[in-house]
2 protein chains.
Amino acid sequence: MTDAPCPQQNHLLAALPAEARERIAPYLERAHLPLGKVLYESGDTLRHVYFPTDAIVSLLYVMANGGSAEIAVVGKEGLVGVAMFMGGESTTSRAIVQSAGTAYRLLGKRFKDEVNRHSELLHLMLHYTQALITQMAQTAVCNRHHSIDQQLCRWLLLSLDRLAGDHLNMTQELIANMLGVRREGVTDAAGRLQQLGVIAYSRGHIKVLDRPRLEQLSCECYAVVKKETDRLLPYLPPRRPC
Amino acid sequence: MTDAPCPQQNHLLAALPAEARERIAPYLERAHLPLGKVLYESGDTLRHVYFPTDAIVSLLYVMANGGSAEIAVVGKEGLVGVAMFMGGESTTSRAIVQSAGTAYRLLGKRFKDEVNRHSELLHLMLHYTQALITQMAQTAVCNRHHSIDQQLCRWLLLSLDRLAGDHLNMTQELIANMLGVRREGVTDAAGRLQQLGVIAYSRGHIKVLDRPRLEQLSCECYAVVKKETDRLLPYLPPRRPC
DNA sequence: CCCGCTCTGTGCGTTAGCGTACCGACAAGG
DNA sequence: CCTTGTCGGTACGCTAACGCACAGAGCGGG
């Protein structure tokens, strides 16, 4: 949004050893990911892996009856398509764009070959995958024990960390689908946050006014995931020259 | 319980190429895992990885306020300690023995070296890890959407698959801790199952009388995890000569 | 400028699960 | 045999979240 887009805005790409980055660079393809776009469906064989820069992608499980629940969220810190190098080549969840933006993509097969040939690359990916596992585990805990209010805070923070700035573009309906709750539940929770002066909400546009407060109101899940992610991926400052 | 214990009762060990198995064999150490034993605590650096044969280990997250929730369960189909080769060397969850039994263990460092040297071994482990990820994801969904009744069915089936026979030794209190619900909730659900003639319950001893019915009463989560695990790990029949 | 759509707010009644409290039933061990 | 502790069953009020229905609010296109 501010800078010209470049692959190194994705933290994993930025963390690659120069040699690996150069090997991959010619095959990276810039893709615009519009809101709601499905990168892959449950059971699909993955064609590409995606490295978001300013897009956010949700991993969403959709039940037989149409209900849904977000499993994890991926932004500039990660990649979509870990099943490619984990070996399964597909997953039981859907990957859907939650916030429009840009990603760099790479043919799955090519990426897999690279990963298998270069252990440094593989280890970076596995570290990220463990961070993703932590996020999933914490999502399970959060779904069990925490209130919608707390979960909304956690979710806003996770999204905020993956975007530049303090504003988000998401309707309450969309958030409800992600959290797997009723839209009205989100309305209530967001209303409370608004009255506390923590956010300002208006027709799909959220502005975060008081992030520290948001962190206080969130359950421990956000902090656990953040801390573990930082531990596992202690790379580079967020910005880098392109 | 029936056969003399041997490492190949663990499916991953059994699936190893003979050459890899022989390399590892001298370092495998048989360990009895008593109920409630903590194999590692949140944040601990893993000393060993464990390959259960007839033991079951729960990956449990314990919250700041003492509440808990099971993230996944590991039995003879898998191993405890994926963080060892994922790179983190620790996780945010606790590994606790849910059903006493035997496991074979191996020094974490040695295992890590083996995995890094032999890509066939690594790929087997990554496949298992993806299956574990699927289980975690489904746990998150289940916690969000399904009733205690359904979750109890799912949980019994997961445990049953990891044991020989049709009986389990677990108190309702223990099950409640795993599911992250009240003990009374489990009492109610188990009472209903008992009245339907699906199980017989008595002081920590459960006998499953009608497994097909149990599968009907369970939510889709059980089937999803089982199908995906079978897809990812299509190895060997459960029994093998030792 | 107004129509129509999307998004948000609100108000029900209903229910699953929680917290608490307590009691009986069974098993093991002195 | 009786005590003691663990385990399972039950009851009661409470709350968060649900399903449903509908009303106002803002924005964009004709």
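Just so it is clear: chains get the letters A, B, ... in the order the sequence lines come, proteins before strands, and each one is counted from 1.
- Nearer the 5' end of DNA chain D, as judged by each residue's closest nucleotide, is the contact made by B/E184, out of A/R203 and B/E184.
- One can place CD of A/Q151 at 15 Å from C1' of D/dC18, the figure rounded to the nearest angstrom.
- Checked by atom type, the side-chain pair A/S90/B/R231 shows a donor-acceptor distance below 3.5 Å.
- The closest side-chain heavy-atom distance from A/T229 to A/T134 is not below 4.5 Å.
- Distances shown here put a side-chain N or O of B/Q172 below 4.0 Å from the OP1 or OP2 atom of D/dG9.
- With A/D210 contributing its side chain and A/I199 its backbone, the two residues share no donor-acceptor pair below 3.5 Å.
- Contact annotation: side chain of B/R183 to base of D/dG9, donor-acceptor pair present below 3.5 Å.
- Spacing between atom CG of B/N65 and atom C1' of C/dG19 amounts to 14 Å, rounded to whole angstrom units.
- Atom CG of A/N143 and atom C1' of D/dA17 are 14 Å apart (whole Å).
- With the end axes of the helix from C/dC1-D/dG30 to C/dG30-D/dC1 each set by five pairs, the angle from one to the other reads 20° at 10° resolution.
- In this structure, A/G191 and A/R144 both approach DNA chain C, and ranking their closest nucleotides by distance from the 5' end singles out A/G191.
- Distance, B/R192 CZ to C/dG17 C1': 11 Å, rounded to whole Å.
- Side-chain contact between A/W155 and A/M170: present, with at least one pair of heavy atoms (C-beta onward) separated by less than 4.5 Å.
- Of the candidate nucleotides D/dG8, C/dT8, C/dG17, C/dT8 has the atom nearest to the side chain of A/Y201.
- Rounded to an integer number of Å, the gap from CG of B/L193 to C1' of D/dG9 is 15 Å.
- Between A/N169 atom CG and C/dT8 atom C1' the separation is 16 Å, expressed in whole Å.
- If you check every strand for non-hydrogen atoms under 4.0 Å, B/G185 touches nothing.
- When rounded to the nearest whole Å, the span between CD1 of A/I148 and P of D/dG19 equals 11 Å.
- Nearest-nucleotide positions on DNA chain D place B/Q194 closer to the 5' end than the other of B/Q194 and A/R182.
- Among the heavy atoms of the strands lying under 4.0 Å from A/T187 is at least one base atom, whether or not backbone atoms are also near.
- There is a side-chain donor-acceptor pair under 3.5 Å between A/E70 and A/Q98.
- Summarising the geometry, the separation between CD on A/E173 and P on C/dG9 is reported as 13 Å, rounded to the nearest angstrom.
- Within 6.0 Å of CZ in A/R211 there are more than 12 heavy atoms belonging to other residues, nucleotides or ligands.
- Contact check for A/N169 versus A/L35: no side-chain heavy atoms found under the 4.5 Å cut-off.
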